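Note that the structure is a prediction, hence the values are computed from the model and not measured. Convention: sequence-line order gives letters A, B, ...; per-chain numbering from 1.
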There are 2 protein chains.
Amino acid sequence: MARTPRNTLSAELIVRTALELMEAKGTEQFSLRGVAAELGVGPMALYTYFRNKDELYDAVRDHLMGLLPDVPRDVPWPDQVRAVCGSLRVLMLQHPCLAQLLASRPLAGHETARVAEGLLGVLRSAGFDPETAARTHTTLFTYVLGAVTWEIQMAAERRDPEAWRRLRTTMESLSAREFPTVVELAPELARTTGGDEQFDYGLDLLLAGLRTPS
Amino acid sequence: MARTPRNTLSAELIVRTALELMEAKGTEQFSLRGVAAELGVGPMALYTYFRNKDELYDAVRDHLMGLLPDVPRDVPWPDQVRAVCGSLRVLMLQHPCLAQLLASRPLAGHETARVAEGLLGVLRSAGFDPETAARTHTTLFTYVLGAVTWEIQMAAERRDPEAWRRLRTTMESLSAREFPTVVELAPELARTTGGDEQFDYGLDLLLAGLRTPS
DNA sequence: CGCCGTACTATACACTGTACGTTAGGAGCA
DNA sequence: TGCTCCTAACGTACAGTGTATAGTACGGCG
């Protein structure tokens with residue numbers, strides 16, 4: 001009979017389903033039981049492929065990192081850096097769960113190493129010494145992580161009418177005497193939060209600080 | 001009798017207890033029921049002061065932001081920026097839960113506004129126009145958020161022997177043919193992850209990109 | 001005194017991750 | 001063909017979560 005058919009599951013299928021659910025219902029609402037139900041399977045079936053929830057998270061993160069394109073060749077190295085950081089940002093915006101996965105688990109896995117290899121290769125080829133290349137790699141990565149995390153956060157806030165209204169009213173309740181600059185710059189702060197321009201502004205600051213060695 | 005004494009609770013007491021538990025047992029293990037138990041009170045008692053868990057998170061975040069010192073005066077503005085970012089970093093390292101609180105909830109609240117006022121004031125006084133000041137503020141904030149989030153993450157990884165061993169072995173299992181640069185720079189990557197130097201390196205890159213207007 | 005609002009309790013529900021023990025399908029071999 | 005073993009998936013169970021709902025007792029007010 002068709003009950004308990006073997007080999008209907010696989011690590012890849014579980015990862016894809018998990019990713020779907022994370023994007024559909026948000027990382028907070030995501031649960032192993034939800035994945036199992038979606039697959040028409042008992043909750044414990046997943047433990048054949050992953051030792052626990054964190055291991056599934058790792059697999060999802062690495063799967064997402066695998067979607068990043070390779071570094072473009074035949075353009076100046078600053079544009080290569082911009083391409084790497086930009087495509088990571090786009091991927092994080094398309095899959096908001098990636099931001100949380102990157103922030104709460106170490107960088108490990110094959111695809112993650114591939115991405116690091118790309119950026120580190122660019123920096124080494126540009127002439128940076130090993131230590132500077134490593135430092136710059138970490139700086140760029142953490143900048144993207146923070147900037148896009150914040151961007152996602154603010155976008156979510158804007159989407160939720162309740163939260164957005166609350167944010168506006170608390171903003172407006174701030175005393176102009178106590179916080180003159182915040183009140184004065186409120187429009188700019190609201191306008192410049194998120195978006196390509198804000199991201200590029202910070203990235204260009206970093207690149208402007210970098211000088212090609214000798 | 002002493003049962004059900006009134007007014008033993010207060011929002012402030014709950015926030016302080018919540019903060020203690022978050023630091024003692026980690027943000028993941030933190031629970032409302034744990035706070036209630038610590039206070040010797042039923043779980044629902046907290047709902048008199050906070051509508052839900054997220055509101056308590058907000059209160060804890062604002063409480064922590066209140067610990068930040070004011071911006072030092074009578075030093076050049078780049079040093080003022082360094083001071084603001086540096087003390088935010090120190091606070092996040094002392095209270096790791098702050099990183100997660102900042103990453104997952106909007107900036108709202110009195111103390112949070114105070115901090116924003118400080119940094120924005122520095123930038124405006126330095127002569128930046130409103131839009132540039134706002135963009136720079138966001139850039140600096142998100143850099144600190146990403147950099148310290150990553151620093152905390154890696155420090156936690158190092159502390160957990162199991163995770164650290166796993167990270168090292170997966171690192172070593174990477175093919176030197178497929179990922180030559182990662183393998184070559186592994187020592188530098190391990191050494192430059194976290195620490196004052198790494199943080200200052202990125203912050204100085206940003207400051208170097210900033211030019212005092214006119 | 002009597003009343004009421006407020007601070008707290010008790011109970012309950014739906015849900016989580018996962019430890020443990022069981023069962024059944026297919027592969028390999030006699 | 002029949003037997004055995006391995007393992008994928010199952011079912012049950014447990015300790016824990018946030019919070020909705022309803023109830024209770026205290027303190028201050030008329």
If you restrict it to nitrogen or oxygen atoms, what contacts under 3.5 Å exist between nucleotides 12-15 of chain D and the protein, and what is each distance?
none

Exercise. Starting at CG of A:Asp54 and ending at P of C:dT18, how long is that distance when rounded to a whole Å?
Worked result: 7 Å
Exercise. Looking for any heavy atom pair under 4.0 Å, which part of the strands does B:Ala45 touch: base, sugar-phosphate only, or nothing?
Worked result: base
Problem set entry | Pair B:Arg82 + B:Asp200: basic N to acidic O under 4.0 Å | no
Problem set entry | Listed partners of A:Arg16 passing side-chain hydrogen bond (donor to acceptor under 3.5 Å, both in side chains), at least two apart | A:Glu12
Exercise. Where each residue is assigned the nucleotide of DNA chain C containing its nearest heavy atom, which of B:Thr48 and A:Asn52 is assigned the position nearer the 5′ end?
Worked result: B:Thr48
Exercise. Sequence neighbours excluded, which residues qualify as ring pair (Phe, Tyr, Trp, His ring centres under 6.0 Å) partners of B:Phe141?
Worked result: A:Trp150
Problem set entry | Set of residues satisfying side-chain hydrogen bond (donor to acceptor under 3.5 Å, both in side chains) with respect to B:Asp196, sequence neighbours excluded | B:Arg89
For this session: Return the set of residues passing salt bridge (charged side-chain N to carboxylate O under 4.0 Å, His left out) with A:Arg135 (not counting sequence neighbours), or none when no residue passes.
Result: A:Glu131, B:Glu197
For this session: Mind calculating the distance between CZ (B:Phe50) and P (C:dC8) to the nearest angstrom?
Result: 12 Å
Seminar exercise, completed: Sorted by chain and number, sequence neighbours left out, salt bridge (charged side-chain N to carboxylate O under 4.0 Å, His left out) with B:Asp160 holds for none
Exercise. Does a side-chain N-to-carboxylate-O contact under 4.0 Å join B:Glu111 and B:Arg114?
Worked result: yes
For this session: Taking side-chain hydrogen bond (donor to acceptor under 3.5 Å, both in side chains) as the test, write out the residues that go with A:Arg124, two or more places apart.
Result: B:Glu184
Exercise. Taking only N and O in the side chain of B:Tyr47, is any of them less than 4.0 Å away from OP1 or OP2 of D:dT21?
Worked result: no
For this session: Using atom CD of B:Glu55 as one end and atom P of D:dT19 as the other, report the distance to the nearest whole Å.
Result: 10 Å
Seminar exercise, completed: What residues 56-64 of chain B contributes to the DNA chain D interface at heavy-atom separation below 4.0 Å is none
For this session: Please list, chain by chain and in numerical order, all residues satisfying side-chain hydrogen bond (donor to acceptor under 3.5 Å, both in side chains) with B:Arg158, sequence neighbours excluded.
Result: none
For this session: Identify, with sequence neighbours excluded, every residue that meets salt bridge (charged side-chain N to carboxylate O under 4.0 Å, His left out) alongside A:Glu188.
Result: A:Arg191
For this session: For DNA chain C, determine which residues of residues 13-32 of chain B have any heavy atom closer than 4.0 angstrom to one of its atoms, and list them numerically.
Result: none
Problem set entry | Whole angstrom value for the distance that separates P of D:dG16 from NZ of A:Lys53 | 18 Å
Exercise. Tell me, which pairs form a ring pair (Phe, Tyr, Trp, His ring centres under 6.0 Å) where one or both residues lie in residues 151-186 of chain A, sequence neighbours left out?
Worked result: A:Phe179-B:His110
